[in-house]
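Shown next, in C-alpha cells, is the structure this report addresses.
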Amino acid sequence: MYGLCDCNNFYASCERVFRPDLVGRPVVVLSNNDGCIIARSNEAKALGIGMGQPFYQVRPLIERGQVTVFSANFALYGDLSRRVMATLRSLVPGIEVYSIDEAFFDLRGMTEPLDELGRTIGRTIRRNVGIPVSIGIAPTKTLAKIASKLAKQYPRLNGCCYMHRPEDIAKVLGRFPLQEVWGIGRRYGRMFDRMGLRTAQQFVDLPQEWVRARMGVAGLRTWSELQGVECISFEQLPPRKQQITISRTFPREITTREELERIVAEFASMCAEKLRGEGSVCSEVQSYLLTNRHREDQPQRYETSLQLLSEPTDSTLEIVRQARIALRQVFLPGYGYKKAGVILSQITPASERQGSLFSPVDIQKQSRLMQVLDTVNKTHGKGTLVVAAQGTEPFRMNREHLSPRYTTDWKELLVVKPR
Amino acid sequence: MAQKNNPTLTFHAPDLSSRQEIPVAGGEVKAGFPSPADDFLDSPLDLNRELVHNPAATFFVRVSGDSMAGDGIDDGDLLIVDRSVTPYDGCIAVCYVDGEFTVKRVRLEKGCAWLMPSNPRYRPIRVDAGNEFLIWGIVRHVIKTFK
C-alpha cells in the first residue's frame, strides 16, 4: 500500500499557524510581486476567488469578503514544509517528497488498520507543526492521490481515506472526475471531454491498445495504476534537477540595458548558489526577456538566448558572465520589459566534472573562492557578498502583504501582546 | 492588571545544521605516542540534542516582559517550545487567548483553565468555552544570556 500526504491549502495554512485568529476566515496568498492568487483557504474559495486569478481582478471580492491577503512568504512555507516532511518520515518506513506540500509514503510491511495509522499521521502533523493534511492510502500512487482528494472532500473521513477493496475502488472510480486523475493533465482532459468520457472508470474501460496508441506508455501507466497495478515506482531520493531557473515579473516596465544586466546578474548568482547547493555543475546558461503581455497597445517581444560553456561550471563569476552575454544578445532598445529570467541546464554532478586539459581557469582556486562566497552569505545573510555586476541595490519584489519570517530570521519577530 | 512592561513573544525556528560540539576527552596527537584516552572517547556533547527533542515540532520564542518572572522567565529570554508535548496540568505553555499570544503556567480544571502569571503585578486569566483559547506549544527550556 502507498500513502499520499497532502497539506490542505498549504500556504494559507502556514500563515494561520502564527495567526490563529484567521482559522475559519478567508485567507489568500499572492504570487511573487503580488501578481496572482496562488493559495486560498476554503472560505476564500467559497467566496468565488479563483486559483491563479490576477489580484486586481478579485480586489472587490476581497474587500467585500473581508479576506486577509498575504504576499508569498516562501522562507516560512519552506521551513514548515521541511517540518511536515520530517514528521511524516518519523512515522512511516519511507517517504518520497513530491512537492512543497505533498509526499508519498511507503506502507509496505505495515500492519492494519492502516486507516488508523493514516489518522495518526494526520493528527501528529497537525499538532506538531500546525498544518492540516489529507491522507490517502491505496494500492498504487495514482489511487492514493484520488483517496487523498476524497479525504479532503468528505469531513466524515476524519482526514484519511483508505481505499483498498476492489469493490470500493470501482465505486469511487465510477464517480471520480477523469480530469482530476493524476497524469491525465489538461491536454488529455480536453480530448476525453470531447469524447464524452467524464469518469475515471470510463477511462479504465477503454481497451489497453487504444490507450497505448493514443497516450503512449505514460497513459498506459495511469490506466494500469487505476486498476491497482503498481507502475509508478517509489523514489526516496529526489532526482537531480534538470534545470535551475530564477525569473521574476517586475513591478514596473524596465527599458534600459544597464538595469536589466544588473537584474540578470543577480538572478544568475542566485541560480549558481542553488547549483552549488546541490553539488552540481551546468554547461548551459540562458537568459530571457519578456514584454508586458497585458499591454496590447505596445509592441510585444519574447526573446531567449542560450550560451554553451566550454566546460561545466558552478562558479558564480562564470555563470554571471555568460548570463550577461546572453542578455546582450536578446536585448533590443525601445521595448518595455516586464519579466526576465535565467535558466541553467545540462546539469551534472560536480564530482563527475570533466576538466579540460587547456582550461583557462584554475578550478581548485575558483571553488575555494565560491566556498568563501557561500560561507559569508550564509553566516552574514543573503546578499552580503555579491559580484559587482549585480550592483549594490538588490532587485525588490512588490510584497506589500508579507508576513514575518517567523521561523527563519531572528530579526523578524512575531510581536504578541499578552494580557 | 499591570499594563506596563507588557510581555511580548517572538518566534524563531532552530537551525540544527550547525553543531557546536564540545569534546569531552582526548586530543589530537600529531606524532609520538597515541593518547591513552583514545580507547575511551565518547561522542561530543551536543546542546541541540539535549535541548531540542523533536526538531520538527520545536520553535524558538522570545520573551519580553516580566509576567512570568517568578518562574525564572525574564525579559529577553529565549524559550524552547515543543508542540509535540501533550499539555498537562501545571505546564508552562505559549497560549493563544482572544487574539493574543502569551506565556503562562496552565492550570486545567473542569470546564475551564487558568492561565497563571508568576508575578504578583499580574492577575490570573480564566478561560472557558466562551474564549478563543489554544495551547500553542509547551515550554521545555529557557535560555538566558548574561551580558
Side-chain angles (χ1 to χ4, degrees), chain A residues 5 14-25 68 73 75-91 95 97 103 120-121 123-131 133 277 374-375 378-379 381 403-419, chain B residues 1-3 5-18 53-68 73 78 81-87 94-104 115 117 119 122-127 131-138:
Chain A
C5 172
C14 288
E15 299 290 351
R16 280 175 168 170
V17 172
F18 298 91
R19 290 286 306 272
D21 57 304
L22 296 178
V23 174
R25 302 218 166 95
T68 306
N73 184 347
L76 176 66
Y77 311 154
D79 179 71
L80 293 184
S81 169
R82 279 197 299 267
R83 290 165 180 267
V84 168
M85 300 310 172
T87 306
L88 178 61
R89 196 173 282 125
S90 70
L91 297 168
I95 79 168
V97 177
T120 304
I121 292 170
R123 267 196 310 271
T124 308
I125 293 173
R126 177 79 190 243
R127 187 191 60 194
N128 291 12
V129 192
I131 300 290
V133 299
D374 290 340
T375 310
K378 199 170 175 220
T379 44
S403 55
R405 286 177 289 179
Y406 301 105
T407 61
T408 53
D409 195 317
W410 294 102
K411 295 186 293 295
E412 296 197 6
L413 319 170
L414 174 72
V415 180
V416 285
K417 292 189 182 95
R419 329 146 11 121
Chain B
M1 186 188 309
Q3 285 301 325
N5 206 357
N6 255 349
T8 310
L9 305 175
T10 51
F11 287 66
H12 315 278
D15 172 12
L16 300 171
S17 62
S18 69
H53 310 270
N54 185 340
T58 299
F59 294 82
F60 294 158
V61 174
R62 180 78 68 190
V63 179
S64 133
D66 59 0
S67 74
M68 292 297 283
I73 299 177
L78 188 70
V81 176
D82 190 343
R83 287 179 55 105
S84 69
V85 178
T86 309
V94 170
C95 304
Y96 180 79
V97 200
D98 296 335
E100 288 168 348
F101 279 103
T102 181
V103 57
K104 293 285 180 295
L115 306 186
N119 179 336
Y122 295 80
R123 271 187 230 146
I125 304 165
R126 185 182 187 276
V127 288
N131 296 86
E132 202 185 359
F133 174 58
L134 175 76
I135 296 181
W136 196 88
I138 306 299

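These numbers come from the heavy atoms of this one structure, side chains and all, not from hydrogens, waters or symmetry mates. Just so we're on the same page: letters track the sequence lines, and every chain starts at 1.
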First locate atom CZ of B:Arg83, then atom OG1 of A:Thr124, and finally report the distance between them rounded to the nearest 0.5 Å.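 Output value for this atom pair is 12.5 Å.
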
Working to the nearest 0.5 Å, report the span between CZ of A:Arg19 and OH of B:Tyr96. 7.5 Å

Does A:Arg83 reach the main-chain N or O of B:Thr58 with its side chain, forming a donor-acceptor pair under 3.5 Å?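 At least one qualifying donor-acceptor pair exists.
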
Where on [X] is there a heavy atom nearer than 4.5 Å to chain B: the side chain, the backbone, both, or neither?
X	answer
A:Arg126	backbone
A:Val17	both
A:Ile125	neither

At a heavy-atom separation under 4.5 Å, does B:Leu78 approach chain A through its side chain, its backbone, both, or neither? side chain

Which atoms of B:Asn54 come close to chain A, meaning under 4.5 Å heavy atom to heavy atom: side chain ones, backbone ones, both, or neither? side chain

Return the orientation label for the A:Phe18 and B:Phe59 ring planes: parallel under 30°, perpendicular over 60°, tilted otherwise.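 Plane angle over 60°, so perpendicular.
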
When you look at CZ of A:Arg25, are more than 12 heavy atoms from neighbouring residues, nucleotides or ligands closer to it than 6.0 Å?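 Count not over threshold, so no.
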
What pair of heavy atoms forms the shortest contact from B:Ala56 to A:Thr87, and how long is it? CB-OG1, 3.5 Å

